[in-house]
Q: 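Please find one structure pasted underneath; my questions will follow.
Side chains are part of it too, since the values below use all heavy atoms of this structure and drop only hydrogens, waters and symmetry mates. Owing to the predicted nature of the structure, the values given are computational and were not obtained by experimental measurement.
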Amino acid sequence: MKNELYKLSAVDLLSMYKTKETNPLEVSLDIIKQLENKNSQFNAFVCFDKEKILQQAKLSSERWSSGKVKGILDGVPISIKDLLVTKDYPTRRGSFIESLPITSDKDAPVVKKILEQGGIVLGKTTTPEFGHKGTTQSKRYGATLNPWNTKLNSGGSSGGSASAVAAGMGPLSIGTDGGGSVRIPCSFCGLFGHKPTFGKVPAYPISPFGTVANIGPITRTVADGGLLMNVIAKPDKDDWYSLPYDKEIYNEFDLNEVKNLKIGVFKYWGMKNFFNQISLENSVEVVYENILKKLKQEGLQLTFDSKINWPNNPADIFKTMWYVGAANLSKKIDDEEFSKIDENFLQFIDEGNKYSVFDFLAAEAKRAENATYLSYLFEKFDVLIGPTMPVLPLECDAVIPKDYESKDLFSWTPFTYPFNLTKHPSSTINCGFSSSGLPIGIQVVAPHYEDKRCFQISAYLEKVFSLTNIWPKNI
């Protein structure tokens, strides 16, 4: 394993730092080698700086050697999605646009908190332009590929972060999730990812898409995700939405308690009511049914006969908010630069300009009705589970599945964005592989503020299916 330090979890790295079996400099050198060998293959990073990484690693190694450890992430390498501002790296947002700020005099709150705890920032990871879709391609950087099959896309919009972690280019990454952008690529790349209760993790500046957008961890293991959550789930003065610190420890779980929880199982997450064409791709359905069979054998309290009857169509609400966000962002872009913008995003701008302020406020009211409905549903269940994605990863340049009936970019991701609208915490964890060897995730949704329950259930699923030591070939 000394030759494969890049495959170690953050929790294992910290344990080995304590026993002096390795140090942050050795680990960083191994991950730099992985970056130099693999990034050109997967296109996960838009920028990384070897000297900056080594400088951080040397200081961390000195701290460990002298017994003056800086914090709970000291010496752990981590990448940052290129939608989050950083002082040491430019923020391009997957775009050629120059009229938006590219440099920043401050780090985003999560980056600041990571650095305060000694984390080693590796660089910035790819995103589609402004994080607008569920696949990661951009005019500026091209397509980000899936380490499980390089003919396929890693998903999006945090596709660079997911591809990086899946390929061993750092055990931790920070992604953003405005409609599934952490959970989609984590499902496609076989990882754990968490979208927090809105406000649990501070953001600055606020996303162009407003209060549907969140920041969350992307990791191989649930314990690593919890470790990172311990650092970033704290309020910050730069975010007036940020919630009070709840002092939860997200990487300590009572797995014995899981069998006492009432778990609602939702194959279509209530979205079949609005999209008759929604179905699970055959290979996804086979694995999903096998997952449920295994969980029944485990003795979990699963309920299958309930339904989610959303008062209002989440897709209509989401598109109103997303398109208006795109149109509002466009007001900050110089007119002569519009020719540089992704065609899909231009369509979003056009759609957004058709809405009035009254349309937007009506969507917010419907959003609140859906959130209230779901909160009442949690009187019956402690947690909800179901598939994260109805489809397998798309071809590398595709933005919708091949031969898909609808050309709507949100039609194939119907299971994730409803919970951005309601602000409920939700995670995804890899629970199986298709016959072609592609990961398939299960989504876990918990009541407001009960983020730790998502981690607890995900950790239980992780233990039952024991897939975290399975890596893509040639990694």
Side-chain angles (χ1 to χ4, degrees), residues 9-11 155 158 161-162 165-166 171-175 177 180-197 200-201 214-233 248-266 269 287-288 291-292 294-295 298 300-302 378 381-389 415-416 419 424-433 439-470:
S9 70
V11 170
S158 304
S161 289
V165 173
L172 308 178
S173 193
I174 291 287
D177 190 315
S181 289
V182 162
R183 290 159 290 159
I184 295 166
C186 283
S187 181
F188 281 179
C189 292
L191 304 174
F192 171 76
H194 181 66
K195 182 205 78 66
T197 299
K200 183 79 73 169
V201 176
N214 304 263
I215 296 170
I218 291 177
T219 58
R220 286 190 61 79
T221 69
V222 179
D224 273 9
L227 176 70
L228 186 49
M229 190 72 173
N230 292 342
V231 173
I232 63 176
E248 286 282 16
I249 306 300
Y250 291 95
N251 58 336
E252 295 178 0
F253 322 105
D254 181 0
L255 298 186
N256 293 323
E257 186 184 68
V258 172
K259 291 187 178 181
N260 298 324
L261 298 178
K262 292 175 288 185
I263 302 172
V265 180
F266 298 93
W269 294 104
V287 173
Y288 175 63
I291 290 167
L292 295 182
K294 176 68 174 175
L295 295 180
E298 286 285 311
L300 298 190
Q301 296 183 43
L302 304 178
F378 277 115
F381 300 109
D382 297 303
V383 70
L384 316 178
I385 67 169
T388 308
M389 295 299 298
F415 302 158
T416 51
F419 307 108
H424 286 82
S426 53
S427 300
T428 185
I429 181 72
N430 184 33
C431 290
F433 292 92
I440 293 172
I442 289 294
Q443 182 172 221
V444 179
V445 181
H448 285 139
Y449 317 117
E450 298 291 339
D451 294 61
K452 187 168 180 178
R453 192 170 297 166
C454 289
F455 284 80
Q456 178 191 39
I457 300 298
S458 296
Y460 184 89
L461 296 174
E462 180 182 64
K463 180 182 178 182
V464 168
F465 294 101
S466 302
L467 303 177
T468 54
N469 288 327
I470 300 176

Q: I need the full list of side-chain hydrogen bond (donor to acceptor under 3.5 Å, both in side chains) pairs touching residues 439-454, with sequence neighbours left out, sorted by first then second residue.
A: R183-Q443, H194-D451, T197-D451, H424-H448
Q: Partners of P387 by side-chain contact (heavy atoms from CB on, under 4.5 Å), sequence neighbours excluded?
A: W269, L280, Y288, F415
Q: Are side-chain heavy atoms of V444 and F455 found at a separation under 4.5 Å?
A: no
Q: How far does SG of C454 sit from CG of L384, to the nearest 0.5 angstrom?
A: 9.0 Å
Q: Please tell me if the side chains of D177 and T416 come closer than 4.5 Å, counting only heavy atoms from C-beta onward.
A: no
Q: With rounding to the nearest 0.5 angstrom, report the CG to OG1 distance, L228 to T219.
A: 7.5 Å
Q: Distance-only criterion, 3.5 Å: show the donor-acceptor pairs between side-chain atoms of residues 253-263 and protein atoms not counting sequence neighbours.
A:
residue	atom	partner	partner atom	Å
D254	OD1	N256	N	3.2
E257	OE1	Q456	NE2	2.9
K259	NZ	E298	O	3.0

Q: Mind checking side-chain contact (heavy atoms from CB on, under 4.5 Å) for N469 and listing every partner two or more places apart, or none if nothing turns up?
A: none
Q: Quick check: do I385 and L295 have side-chain heavy atoms less than 4.5 Å from each other?
A: yes
Q: When you compare the side chain of S181 with that of S158, does any pair of heavy atoms fall below 4.5 Å?
A: yes
Q: Not counting sequence neighbours, which residues clear side-chain contact (heavy atoms from CB on, under 4.5 Å) with N214? List them please.
A: K195, P196, F198, N420
Q: Can you tell me how far the CG atom of N230 sits from the CG atom of N251, to the nearest 0.5 Å?
A: 4.5 Å
Q: Quick one, F192 and T468 - any side-chain contact, counting heavy atoms below 4.5 Å?
A: no
Q: Test of understanding: with side-chain contact (heavy atoms from CB on, under 4.5 Å), list the residues that count as partners of V287, not counting sequence neighbours.
A: I291, I440
Q: Side chains of F465 and I429: closer than 4.5 Å at any heavy-atom pair?
A: no
Q: Do F381 and V265 have side chains that get closer than 4.5 Å, going by heavy atoms?
A: no
Q: Going by heavy atoms in the side chains, are V445 and F266 under 4.5 Å from each other?
A: no
